Engineer: 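Take this structure first; my questions come after.
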Amino acid sequence: EHARATAPIGPTAKKEYTNFADYDSAWREFERGLKSGLFNVTGIKLSDIPWPTKVPSLSGIHTGDAEPDRKKKLKAAVLRWHPDKWSPILELVVETDRKAVVEKAQEVARRILDERSRLS
């Protein structure tokens, strides 16, 4: 189990995601690592977090999505990047990366809110 804790997981293998499906898959893998306690040993580094910086739509909305689907996707994105969700994650972030993680998470949250404003 300790060997697994030091092995890189998906998000460290690819740092930039250009489509929502790849990013969402990496995020789910990151969440599995959180739930399994993977980061309890190593701590979370900035590079461990799948950042959607190159993804055109942070919520995964597509042009042809119906209104209920758009609302559902936007709500999921807002909840994923909500500060309350990030409190327990930030506790696991290594001290040297904490400020950068907070800034980047705030940037993503702002982009999601901008996306919600544009699409609502």
Side-chain angles (χ1 to χ4, degrees):
E1 179 74 311
H2 180 69
R4 183 172 182 259
T6 58
I9 60 168
T12 60
K14 181 178 180 180
K15 294 179 180 144
E16 292 186 358
Y17 304 92
T18 56
N19 67 68
F20 186 80
D22 288 347
Y23 156 71
D24 194 46
S25 176
W27 181 266
R28 280 188 256 130
E29 188 172 338
F30 174 71
E31 284 188 318
R32 280 193 297 275
L34 287 171
K35 288 177 185 172
S36 73
L38 174 68
F39 298 110
N40 294 352
V41 175
T42 61
I44 298 172
K45 298 179 188 87
L46 180 68
S47 61
D48 292 329
I49 301 169
W51 299 103
T53 54
K54 303 282 185 189
V55 176
S57 169
L58 298 178
S59 61
I61 290 177
H62 298 288
T63 309
D65 285 347
E67 185 65 24
D69 291 334
R70 291 166 46 139
K71 286 183 177 185
K72 181 179 174 184
K73 289 177 179 182
L74 277 167
K75 181 178 180 181
V78 168
L79 291 175
R80 179 178 283 180
W81 291 95
H82 193 278
D84 290 345
K85 162 107 179 185
W86 278 81
S87 289
I89 295 171
L90 288 174
E91 291 176 13
L92 296 172
V93 173
V94 295
E95 187 64 36
T96 55
D97 287 2
R98 192 166 291 139
K99 183 179 180 202
V101 167
V102 168
E103 289 171 358
K104 203 153 184 164
Q106 289 172 338
E107 174 191 332
V108 171
R110 276 191 299 273
R111 285 185 56 206
I112 291 169
L113 294 176
D114 289 346
E115 186 173 312
R116 183 171 68 178
S117 295
R118 279 192 324 273
L119 299 172
S120 295

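Since the structure is predicted, the reported quantities are computational estimates derived from the model, not experimental observations. Any value given below was found using the heavy atoms of this structure, including those in side chains, with hydrogens, waters and symmetry copies removed.
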Engineer: Looking at every heavy atom in both F30 and D48, which two are closest together, and how far apart are they?
Structural biologist: CD1-O, 3.5 Å
Engineer: Do the side chains of F39 and V94 join up, straight or via other hydrophobic residues, at under 4.5 Å, putting them in one cluster?
Structural biologist: no
Engineer: Compare every heavy atom of L46 with every heavy atom of K104, then report the nearest pair and how far apart it is.
Structural biologist: CD-CD1, 4.3 Å
Engineer: Just to verify, what does E107 make a salt bridge (charged side-chain N to carboxylate O under 4.0 Å, His left out) with, not counting sequence neighbours?
Structural biologist: none
Engineer: Would a distance-only check, ignoring hydrogens and angles, find a side-chain to backbone donor-acceptor pair under 3.5 Å from W27 to I49?
Structural biologist: no
Engineer: At their closest point, which heavy atom of K73 faces which heavy atom of S59, and how far apart are they?
Structural biologist: CB-O, 3.4 Å
Engineer: Testing the basics here: between P52 and W81, what is the closest heavy-atom pair and its distance to 0.1 Å?
Structural biologist: CD-CZ2, 3.7 Å
Engineer: Taking all non-hydrogen atoms of both residues into account, name the closest pair between Y23 and P50 and its distance.
Structural biologist: CE1-O, 3.3 Å
Engineer: If every non-hydrogen atom of V101 is compared with every non-hydrogen atom of W51, which pair is closest and at what distance?
Structural biologist: O-CH2, 3.7 Å
Engineer: Counting distance only, does the side-chain N/O of R70 pair as donor-acceptor with the main-chain N or O of I61 below 3.5 Å?
Structural biologist: no
Engineer: Pairs in or reaching into residues 81-93: which pass salt bridge (Lys or Arg N to Asp or Glu O under 4.0 Å), with residues at least two apart or in two chains?
Structural biologist: E31-K85
Engineer: Are L58 and L79 connected into the same hydrophobic cluster when the rule is that any two of I, L, V, M, F, W, Y join if their side-chain heavy atoms are below 4.5 Å apart?
Structural biologist: no
Engineer: Which value, rounded to the nearest 0.5 Å, describes the distance between R118 atom CZ and R111 atom CZ?
Structural biologist: 8.5 Å
Engineer: Does the pair R80/D24 count as a salt bridge with the N-to-O cut at 4.0 Å?
Structural biologist: yes
Engineer: Applying side chain to side chain donor-acceptor pair (under 3.5 Å), can you list everything that pairs with R110, at least two apart in sequence or on another chain?
Structural biologist: none
Engineer: Without swapping roles, check the side chain of S117 against the backbone of L113 for a donor-acceptor pair under 3.5 Å.
Structural biologist: yes
Engineer: About how many Å separate CG of L38 and CZ of R32, when rounded to the nearest 0.5 Å?
Structural biologist: 11.5 Å
